[in-house]
Amino acid sequence: MGVYQINGSSISGCLLILVFRKLGIPARLHAGALRINPTVCFLTPNAVKVLNWLEFDADLLKQAFRLDRHDITLPDGNPIRVMGPGFFSDPSGFSTWVIEGKSLIRFLETASNERNLFNRIVAKSEDEPFIIETSPDYSTQHGYSRIRRTGNYVLEGIITYQLPLPMATSITETWSPEGRFRVCPLVDGKIFWQVKIPRQGGLAPPTSLIDWLKTCFVRLTGPFKAVLDHIQQVDHHYDELMIFPHSFSENPLLAGEARFKLTGDSLQEHALYWEEAYLFAHFLAKSSDVRKAAWEFEQHFQSKLDTLLKEDWQSSQLHRSPYGQKILKLLLKVLPEKALKKQLNALYKLN
């Protein structure tokens with residue numbers, strides 16, 4: 001069994017140290033590197049299963065909101081397709097939750113710093129550690145030449161607003177040539193809003209963010225227009241990127257945010273950090289050969305990761321095109337919910 005130094009107090013860095021400690025793997029967390037705080041994180045059933053295994057679910061989910069359905073609408077709020085209730089749950093009864101990013105990171109940092117949480121095994125100072133890097137560095141280092149821009153510019157934030165039913169338990173989004181507008185509820189009467197606006201070149205918008213946002217969505221009516229009117233500031237804005245990772249078993253070992261980045265269309269980006277931490281640590285615990293364990297884990301996990309990277313990329317490109325949106329709307333009208341649920345349940349497996 002190796003000794004590990006995990007670099008970065010990212011979500012995946014904190015998760016790795018927590019899983020390592022529970023399995024009794026010697027590890028230390030170096031938290032001084034760059035960290036990116038997401039606005040919200042979606043905890044789908046595969047992530048909640050890891051949370052349950054860590055015995056944190058009772059405490060953390062008090063700060064999260066359970067999502068029950070997914071509604072795709074026209075700009076006036078009339079539905080194109082309603083998926084739910086229970087659309088985001090899996091057969092074992094685990095559900096999908098959404099939590100503010102700062103709340104999740106604060107919880108994980110507190111847990112990873114708690115000395116009495118598990119029987120901590122501290123590496124000896126003379127041991128040469130295996131480095132696991134979890135802090136993203138969007139440059140050409142460590143295989144980041146595989147960065148791809150989706151062509152969408154993202155604006156998002158959190159406001160206090162009471163959504164009407166059925167939006168009060170749903171991820172609800174509308175699609176138009178100007179962009180995609182998504183809202184979902186949070187705890188304490190807050191909501192998360194996000195827009196993705198097609199924009200080539202990765203350039204910042206040419207005017208103030210709020211003016212640009214409201215100019216792009218002048219045709220909204222109904223509940224989406226009410227949400228738009230309540231937005232006074234943009235909490236985060238960025239050129240949407242994806243990272244398609246090189247081999248997991250290269251040196252240094254990369255994990256989580258340092259290894260891959262999805263668009264969030266599948267809600268799996270942060271969930272995969274939980275799943276990766278859980279599975280990778282279990283592979284390491286079974287072998288004294290770190291490189292062999294990393295290679296075996298990669299063969300086990302890479303197929304799912306590649307599938308989701310491909311699906312998120314295709315989704316981002318279809319949504320940027322009016323013709324692509326027509327194809328997606330047609331598919332949603334003809335695909336039975338049972339088929340969509342089967343696809344989701346395959347993602348929610350933790351094995």
Please determine whether salt bridge (charged side-chain N to carboxylate O under 4.0 Å, His left out) holds for the pair Lys225 and Asp229, giving the CA-CA distance in whole Å, both sets of side-chain angles, and the decisive distance to 0.1 Å. CA-CA 6 Å; Lys225 177 63 164 57; Asp229 289 343; 3.0 Å; yes
Carefully, step by step, assess Phe260 and Tyr273 under the rule ring-ring contact (aromatic ring centres under 6.0 Å, His included). CA-CA 9 Å; Phe260 61 87; Tyr273 299 155; 5.1 Å; yes
Under the side chain to side chain contact (heavy atoms under 4.5 Å, CB included) criterion, do Thr44 and Leu347 qualify, and how do the steps go? CA-CA 9 Å; Thr44 53; Leu347 298 181; over 6 Å; no
Test side chain to side chain contact (heavy atoms under 4.5 Å, CB included) on Ile191 and Met167 and set out the steps. CA-CA 10 Å; Ile191 68 167; Met167 294 174 71; over 6 Å; no
Phe42 and Ile171: CA distance, side-chain angles, deciding distance, side chain to side chain contact (heavy atoms under 4.5 Å, CB included) verdict: CA-CA 11 Å; Phe42 292 95; Ile171 296 177; 3.9 Å; yes
Does the side chain to side chain contact (heavy atoms under 4.5 Å, CB included) test come out yes or no for Ile210 and Lys214, once each step is laid out? CA-CA 6 Å; Ile210 295 296; Lys214 298 196 174 184; 3.9 Å; yes
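Relative orientation of the Trp212 and Tyr153 rings is perpendicular, given thresholds of 30° and 60° on the angle between their planes. Using the six-membered ring where Trp is involved, His300 and Phe283 have ring planes that are tilted, between 30° and 60° apart.
Residues Tyr278 and Leu54 have side chains not in contact (no heavy-atom distance under 4.5 Å, counting atoms from C-beta outward). You'll find the side chain of Lys22 stays beyond 4.5 Å of the side chain of Leu18, heavy atoms only. Between Pro245 and Leu254 the shortest side-chain heavy-atom distance does not fall below 4.5 Å.
Pairs passing the ring-ring contact (aromatic ring centres under 6.0 Å, His included) check and including a residue from residues 154-176, sequence neighbours excluded, read Tyr161-His230, Trp175-His319. For residues 176-198, the ring-ring contact (aromatic ring centres under 6.0 Å, His included) pairs, not counting sequence neighbours, are Phe181-Phe217, Phe181-Phe224.
Between the CG atom of Leu155 and the CG atom of Leu213 there is a distance of 6.0 Å, given to the nearest 0.5 Å. Taken to the nearest 0.5 Å, the NE2 atom of His236 stands 6.5 Å off from the CG atom of Asn37. How far CD of Gln194 is from SG of Cys184: 9.0 Å, rounded to the nearest 0.5 Å. Atom OG of Ser12 sits about 11.5 Å away from atom CZ of Phe280, to the nearest 0.5 Å. To the nearest 0.5 Å, atom OG1 of residue Thr169 and atom CG of residue Leu67 are 8.0 Å apart. For the atom pair CG (Asp76) and CZ (Arg219), the distance works out to 11.5 Å, reported to the nearest 0.5 Å.
Using a distance-only test at 3.5 Å, with no hydrogens or angles considered, no donor-acceptor pair links the side chain of His70 to the main chain of Glu173. Without hydrogens or angle criteria, Ser315 side chain to Glu311 main chain gives no donor-acceptor distance under 3.5 Å. Put simply, the side chain of Thr172 never gets that close to the backbone of Asp71: no donor and acceptor are under 3.5 Å apart. Proximity of a side-chain donor or acceptor of Asn113 to a complementary backbone N or O of Glu109 within less than 3.5 Å is detected. Side chain of Gln317 to backbone of Thr150: a donor-acceptor contact under 3.5 angstrom is found. A donor-acceptor distance shorter than 3.5 angstrom exists from the side chain of Thr134 to the backbone of Gly8, with no hydrogens or angles considered. At distances below 3.5 Å, at least one donor-acceptor pair connects side-chain atoms of Asp235 with backbone N or O atoms of Ile158. No donor-acceptor pair closer than 3.5 Å links the side chain of Asp188 to the backbone N or O of Lys190. Side-chain atoms of Lys341 come within 3.5 Å of backbone atoms of Gly86 as a donor-acceptor pair (strictly under, hydrogens ignored). Side-chain atoms of Asp90 come within 3.5 Å of backbone atoms of Gly93 as a donor-acceptor pair (strictly under, hydrogens ignored).
When all heavy atoms are compared, the tightest approach of Ser316 to Asn152 is O-ND2, 3.7 Å. Heavy atoms only, all atoms of each residue included: Lys333 and Arg81 are closest at N-NH1, 4.4 Å. Taking every heavy atom of both residues into account, Val48 and Leu43 meet most closely at CG2-O, 3.6 Å. Between Leu220 and Thr174, the shortest heavy-atom contact is CD2-CG2, 3.9 Å. Annotation for Leu267 and Arg182: closest pair CD2-NH1, 3.8 Å, computed over non-hydrogen atoms. Across all non-hydrogen atoms, the minimal contact from Tyr348 to Ser89 is CE1-O, 4.2 Å.
No more than 12 heavy atoms of other residues, nucleotides or ligands sit less than 6.0 Å from atom CD of Gln162. By the 6.0 Å contact criterion, NZ on Lys102 is open, its count of non-hydrogen atoms from other residues, nucleotides or ligands being 12 or less.
Among the candidates Asn46, Asp312, Thr263, the single residue satisfying the side-chain hydrogen bond (donor to acceptor under 3.5 Å, both in side chains) test with Gln268 is Asn46. Glu240 pairs with exactly one of Lys261, Arg149, Lys196 by the salt bridge (charged side-chain N to carboxylate O under 4.0 Å, His left out) rule, that one being Lys196. Between Glu275 and the choices Lys304, His270, Lys349, the side-chain hydrogen bond (donor to acceptor under 3.5 Å, both in side chains) rule is met once, by Lys304.
With a 4.5 Å cut-off between side-chain heavy atoms of Ile, Leu, Val, Met, Phe, Trp and Tyr, the cluster of Val218 takes in none. Here Val154 is tied into one hydrophobic group with Tyr238, each link being a pair of ILVMFWY side chains closer than 4.5 Å.
A continuous path of Ile, Leu, Val, Met, Phe, Trp and Tyr side chains, each step under 4.5 Å between heavy atoms, connects Phe20 with Trp53, placing both in one hydrophobic cluster. Leu262 and Leu279 fall within a single hydrophobic cluster, where Ile, Leu, Val, Met, Phe, Trp and Tyr side chains are chained together by heavy-atom contacts under 4.5 Å. Val82 and Leu163 fall into different hydrophobic clusters, where Ile, Leu, Val, Met, Phe, Trp and Tyr are joined by side-chain heavy atoms under 4.5 Å apart, directly or via other members.
Evaluation of the side-chain hydrogen bond (donor to acceptor under 3.5 Å, both in side chains) rule for Gln232 yields no partner, not counting sequence neighbours. Every residue meeting the ring-ring contact (aromatic ring centres under 6.0 Å, His included) condition with Phe301, not counting sequence neighbours, appears here in chain and number order: Phe297.
Of the charged side-chain nitrogens involved, none lies within less than 4.0 Å of a carboxylate oxygen, so that Asp289 and Arg291 do not count as a salt-bridged pair. With respect to the salt-bridge test (charged N to carboxylate O, under 4.0 angstrom), the residues Lys286 and Glu296 do not qualify.
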